[in-house]
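Okay, so here's the structure we're looking at.
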Protein chains: 2
Amino acid sequence: MANPECRLCGLKSPAAELLSSSELETLELNCAQINFKKGDVIFREGTLATNIAYLKSGLVKVHMKGPTGDKILRLMKAPTYLGLPTTFGDKVNHYSATALIDSHICFISLDTFRDFIFKNGSFAYEIILDLCRNELTDYQKYANMSQKQLPGRLAEILLCMSHEVYKSNRFELPLNNNELSDFISTSRESVSRLLSDFAKEGIISINKKELTILKEDMLEKISLKG
Amino acid sequence: MANPECRLCGLKSPAAELLSSSELETLELNCAQINFKKGDVIFREGTLATNIAYLKSGLVKVHMKGPTGDKILRLMKAPTYLGLPTTFGDKVNHYSATALIDSHICFISLDTFRDFIFKNGSFAYEIILDLCRNELTDYQKYANMSQKQLPGRLAEILLCMSHEVYKSNRFELPLNNNELSDFISTSRESVSRLLSDFAKEGIISINKKELTILKEDMLEKISLKG
DNA sequence: GACTGTGTGTGACATTTATCACATAATAGA
DNA sequence: TCTATTATGTGATAAATGTCACACACAGTC
């Protein structure tokens, strides 16, 4: 746990940018930064939701237990709030968050955060915008994922990692085959086969964990046609 | 279009209950009630999002175009806001809303609504709670739907209609087979076969559009095991 | 270096589900 | 009532995917 310096923090959320300096002081007194290592659970489904979690740096998977096993709902890239809905929506967390790489999280007192919403309209509006935008992307992803077949689903998340997360055609895969299968709701074996297929066709290449997208247009096509 | 009487309205949202009487007057001046018949589109994907839509009475499907056809994202039962996220999150609607039965919608000026968020912390907080709770149920449904096979998915939405929407074991099916297939992402034929199967096994009975759940425990079991 | 646990690759087969083709039924207009 | 349109039921088949079985690779530990 570190002593946060919220006022000077260069990684403030868009909402926090709208806080007054006295509000930032309050924040600073009601906030604790904790560092998580790869694989560490940040908050867990079924436990009490006691604090707002702000992902200052790092990469996190949000996941929940489904009927047949774990389901990865989305990846969250810093900077972003993590699971506002599970903190406000119920006393108990409905899903878990786990660090995929070393990550820095600021835990903010729920009361403090709520107070900002009540007293600072701009802050509240920014939080609402954030929740709304998240729902839009979630719905989009949901509609896509539920209608596409496996190759399309896998292609989509590879492109998503490339475009949204790493902004590069070459990146370290943050998920193993098992997690990939939890993400696109299939079996580990199918993921393994599909990645091999993509590699055989020269669409991607994999070296250990490093994945390179060689034919992005092909991947786009696979993703689109389902 | 009718002259709304927001102050006296007995169907105010939890958020609107928190408005002062002068704010309610403002609301009244910036609000119009429009009645939609079954099948009418309330707002359409790809068009400008200009107003907040509040579903005062009725039942609505929220749906968007997916890679292979329409996808029903959720049913919305009055009273509730319809598509706050698509109104705030972007200038353009990312999904559509269509009335499944005759429905009354109040359209509220976006500026007025935004003003309430800025100036009335309780109102803003209530809106945030609503968005958060919606995300929780959406995620739950997403995790379930993506891991279950067809019988489980169909059983789940029948139970959902029975428990959440109609609060009865007997109800008029608001969706035809085609729409059911859009909801659970399958083909119309599979829905038809499955409903026949359920009926043959005495789990449900269907008379025209009226569906009766005869063996709820069986349906629960099918829904759970996937 | 041997040992152990975890992750991965791949074949054979079973199951689930989509697709196509068509018959029949229900409904809304003229 | 007749007709056009839309909705539904059902068989045959093909395609996609899960499951099981097992081999192998790799990393960390002793």
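Throughout, protein chains are lettered first and strands after them, A, B, ... in sequence-line order, and every chain is numbered starting at 1.
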- Note on the structure: Residues A/S103 and A/L55: closest non-hydrogen pair is CB-CD1, 3.9 Å

- Query: Would you call B/D70-B/K65 a salt bridge at under 4.0 Å N-O?
  - Reply: no

- Quick one: is C/dT17 close enough that its OP1 or OP2 comes under 4.0 Å of any side-chain N or O from B/S187? no

- Are B/E164 and B/K77 within salt-bridge range, i.e. N to O under 4.0 Å? no

- Note on the structure: By nearest-nucleotide position on DNA chain D, the 5'-leaning member of B/L175 and B/R193 is B/L175

- Query: Atom NZ of B/K209 and atom P of C/dA25: how far apart are they, to the nearest Å?
  - Reply: 17 Å

- Task: Let me know the distance between CZ of A/R188 and C1' of C/dG9, rounded to the nearest Å.
- Result: 8 Å

- Validation row: B/I213, B/F198 side chains within 4.5 angstrom (heavy atoms): no

- Message: Under 6.0 Å between ring centres: does that hold for B/F113 and B/Y81?
- Response: yes

- Message: Considering only residues two or more places apart or on different chains, which pairs with a residue in residues 37-54 of chain B satisfy side chain to side chain donor-acceptor pair (under 3.5 Å)?
- Response: B/T47-B/N93

- Report the residue (A/E189 or A/K208) whose heavy-atom-nearest nucleotide on DNA chain D is the more 5′ of the two. A/E189

- Message: Please identify the 5'-most and 3'-most nucleotides of DNA chain D with any atom under 4.0 angstrom from a heavy atom of chain B.
- Response: D/dA7 to D/dA12

- Message: Using whole Å, what does the distance between atom P of nucleotide C/dT16 and atom CG of B/L154 come to?
- Response: 16 Å

- Message: Does C/dT10 have its OP1 or OP2 closer than 4.0 Å to a side-chain nitrogen or oxygen of A/S196?
- Response: yes

